[in-house]
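Here is how names work: the chains are called A, B, and so on, in the same order as the sequence lines, proteins then strands, and each is numbered from 1. Small disclaimer: the values here were computed from a predicted structure and weren't measured. Values below: all heavy atoms of this structure, side chains included; hydrogens, waters and symmetry mates excluded.
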Amino acid sequence: MLDSRYKHIFLLPALLALVAIIIFPLIYTVRLSLSGWDVNFPELDYIGWDNYARAITDGRFWDSMGTLYLMVLFCIVFEYLLGFGLALLLWKDVRAGRFFRVLFIVPMCVTPVVMAVVWRTIFHETLGPLNDVLSWFGIPAVPWLSKSGPAFAAVVIIDVWQWTSFMFILLLAGLMSLPREPYEAAQIDGAGPIRTFVHVTFPLMAPITLGALIIRLIESSKLMETIYALTSGGPGSSTETTSYLLYIRGLREFQIGYTASLSIIYLAIMIIALTIFARSMSRLMIGRQGPVRV
Amino acid sequence: MSAHEPARERVRGIAMSGLKADLYRVLKYAALIAWAIFVVAPFLWALSTSFKSDPGVVGGATYIPFLEYEPTVDGWTALFRDTSSGGISMQGPYLSSLVVSLISTSIALFLGTLAAYGLSRFTFRAGPLGNNDITFFFISQRIMPPAVLAIPYFLLLRFTGLLDTHLGLILVYVAMLLPIVVWVMVDFFNTVPIELDEAALIDGCNPIQAFYRIILPNCAPGMVVATLLCIIFSWSDFFFALTLTFAKVQLLPPTIVILNSNKVPWWSLSASALVSVLPLVIIAFVLERYLARGTLAGVIRE
């Protein structure tokens with residue numbers, strides 16, 4: 001066995017770094033949330049639960065949460081269906097398979113906010129190519145960034161463009177790691193492609209699918225940068241996600257104490273929602289084999 | 001199809017499935033090509049726009065150079081020109097981004113591989129918590145939304161005088177990247193048999209030498225994947241660069257977003273966007289290689 005006297009040399013530097021850079025600031029946030037720190041009064045005083053009481057009745061905060069969850073729902077459903085579909089198509093040998101694979105990975109590698117700047121020119125109502133292409137099919141110009149419905153759709157389209165590639169790479173890697181034996185058995189049983197998919201591929205992929213969905217859920221709930229560059233939360237506050245609102249309240253308006261309390265509420269709800277989602281999905285997809293660690 | 005079917009039935013079945021197979025193939029390639037077009041469209045649009053000048057933009061969307069608009073390289077030369085002469089001088093932000101992402105990636109890799117190796121080889125106990133819980137603690141830090149951490153970071157960096165410095169940003173990025181490194185590498189070290197470590201120890205290495213001389217070289221693919229992911233995340237970060245730096249430190253993503261709100265012409269905007277994502281597109285090629293070798297499969301199974 002390895003000499004265990006050395007073990008702390010390996011683990012401790014990273015663990016301490018993480019505690020110092022993430023856990024300590026988080027505790028500091030909890031303390032801030034109990035203070036009235038703002039632009040006019042930048043002091044760490046103690047005002048009890050006032051910020052939290054105010055947060056409960058802050059309609060804009062809860063609206064931003066609703067917007068976020070609706071956006072995340074749309075994005076993840078599309079990304080999963082498209083990503084899984086593309087992965088299935090490129091799983092077996094395909095002509096120019098490498099070309100397609102590289103191409104399909106590119107979006108997840110490029111800077112989201114920079115692409116959002118490019119997308120903004122694409123969605124431009126009169127000068128952009130999207131409405132131009134739509135007009136070839138006789139579809140009237142869509143006010144992409146000035147009406148709330150289309151603006152919401154624009155954010156979802158960009159997210160799907162960018163992150164379907166992530167679902168794709170995870171699910172393709174999963175497909176490529178599947179064992180061969182169940183397929184041979186299915187072939188001997190005379191199962192067609194659809195039955196093989198339903199009874200072999202889908203169940204075998206369940207843990208990987210669940211992992212991919214949860215990772216995407218975590219990452220997409222941070223959605224903010226695209227919105228910053230594309231719509232600034234508008235029109236009105238129709239595309240305002242919680243992260244964007246936290247940024248406005250905290251670092252634009254400097255309502256430090258209040259924003260800290262919103263952050264804590266947001267984080268608590270996120271963790272609870274993720275746990276419930278992970279539990280129920282693992283029960284749904286994997287049956288009684290127990291929860292999957294991600 | 002069973003072999004006991006009458007011959008004619010079987011032949012018809014094969015013909016049917018041949019037709020079906022053709023149809024399937026056509027649909028499959030149609031779907032792949034459609035998605036490929038969707039993926040490259042923004043890049044092609046930006047590329048086309050980067051060679052335009054006023055007439056090519058203000059009259060509505062144009063696509064093909066020479067045919068629809070007279071191409072110029074003004075958008076590209078603007079990248080190197082000074083702001084005073086209508087340029088956006090990208091060299092400074094480019095260099096800053098390069099330095100910050102390479103240094104933070106190196107530090108995260110150094111700390112992260114050590115921790116991952118420790119978690120893979122030794123048993124840790126802290127009360128009821130064991131190795132899996134510590135690994136999960138590392139990975140779970142990805143759950144933390146940057147917006148939640150922005151305020152304490154802002155105050156703490158201001159307090160320590162690190163606001164608007166490269167060092168402050170690097171510290172924040174290390175925290176952002178560590179979970180990714182640990183996530184990728186723990187799994188890799190788990191696939192390397194412990195006998196390898198023991199052989200190195202018998203040869204007179206101490207555990208740290210065994211790690212650097214024997215185990216790390218055997219985990220090169222994992223290191224490559226971890227490195228590339230770190231570079232993607234640090235090169236692409238916008239939120240922390242926006243909130244924690246202002247004047248002295250200028251990274252690429254904020255620079256380009258600010259151009260966007262400053263009414264910079266579309267052609268230089270497009271050129272700057274393309275230049276800033278180019279290294280990442282190259283990374284995509286390398287990542288695919290490792291995907292094809294099955295390097296990523298184990299990571300996702302975790």
Which atoms of B:Phe239 are under 4.5 Å from chain A, going by heavy atoms: the side chain, the backbone, both sets, or neither?
both
Against chain A, label B:Tyr24 side chain, backbone, both or neither, depending on which of its atoms sit under 4.5 Å from a heavy atom there.
side chain
Which portion of B:Phe38 sits near chain A, non-hydrogen atoms under 4.5 angstrom:
both
Identify which of B:Phe154, B:Tyr29, B:Phe137, B:Trp235 forms the greatest number of heavy-atom pairs closer than 4.5 Å to chain A.
B:Tyr29
Most chain B-contacting option - heavy-atom pairs closer than 4.5 Å, from A:Ala260, A:Cys109, A:Gly97:
A:Cys109
Using distance alone, with no hydrogens and no angle criterion, decide if B:Asp237 and B:Tyr173 have a side-chain donor and acceptor under 3.5 Å apart.
yes
Residue part contacting chain A, namely of B:Leu252, when any heavy atom lies under 4.5 Å
neither
Chain A contact via B:Ile208 - side chain, backbone, both or neither, heavy atoms under 4.5 Å
both
Between B:Phe124 and chain A, which part of the residue has a heavy atom less than 4.5 Å away: side chain, backbone, both or neither?
both
Region of B:Leu155 in contact with chain A, defined by heavy-atom distances below 4.5 Å
side chain
Measuring heavy-atom distances to chain A, does B:Val58 have an atom under 4.5 Å in its side chain, in its backbone, in both, or in neither?
backbone
Measure distances from B:Leu178 to the heavy atoms of chain A and classify the residue's part below 4.5 Å as side chain, backbone, both or neither.
side chain
Please rank A:Met224, A:Met108, A:Gln162 by heavy-atom pairs under 4.5 Å with chain B and give me the top one.
A:Met224
Toward chain A, the part of B:Trp35 with a non-hydrogen atom under 4.5 Å
both
Chain A: which of B:Val257, B:Leu259, B:Val181 shares the most heavy-atom pairs with it under 4.5 Å?
B:Val257
Looking only at A:Thr242, A:Thr164, A:Ile264, A:Leu172, the option with the highest number of non-hydrogen pairs under 4.5 Å against chain B is A:Thr164
Proximity breakdown for B:Leu149 and chain A, heavy-atom pairs closer than 4.5 Å
side chain
Is chain B contacted by the side chain of A:Leu82, its backbone, both, or neither, given a heavy-atom distance below 4.5 Å?
side chain
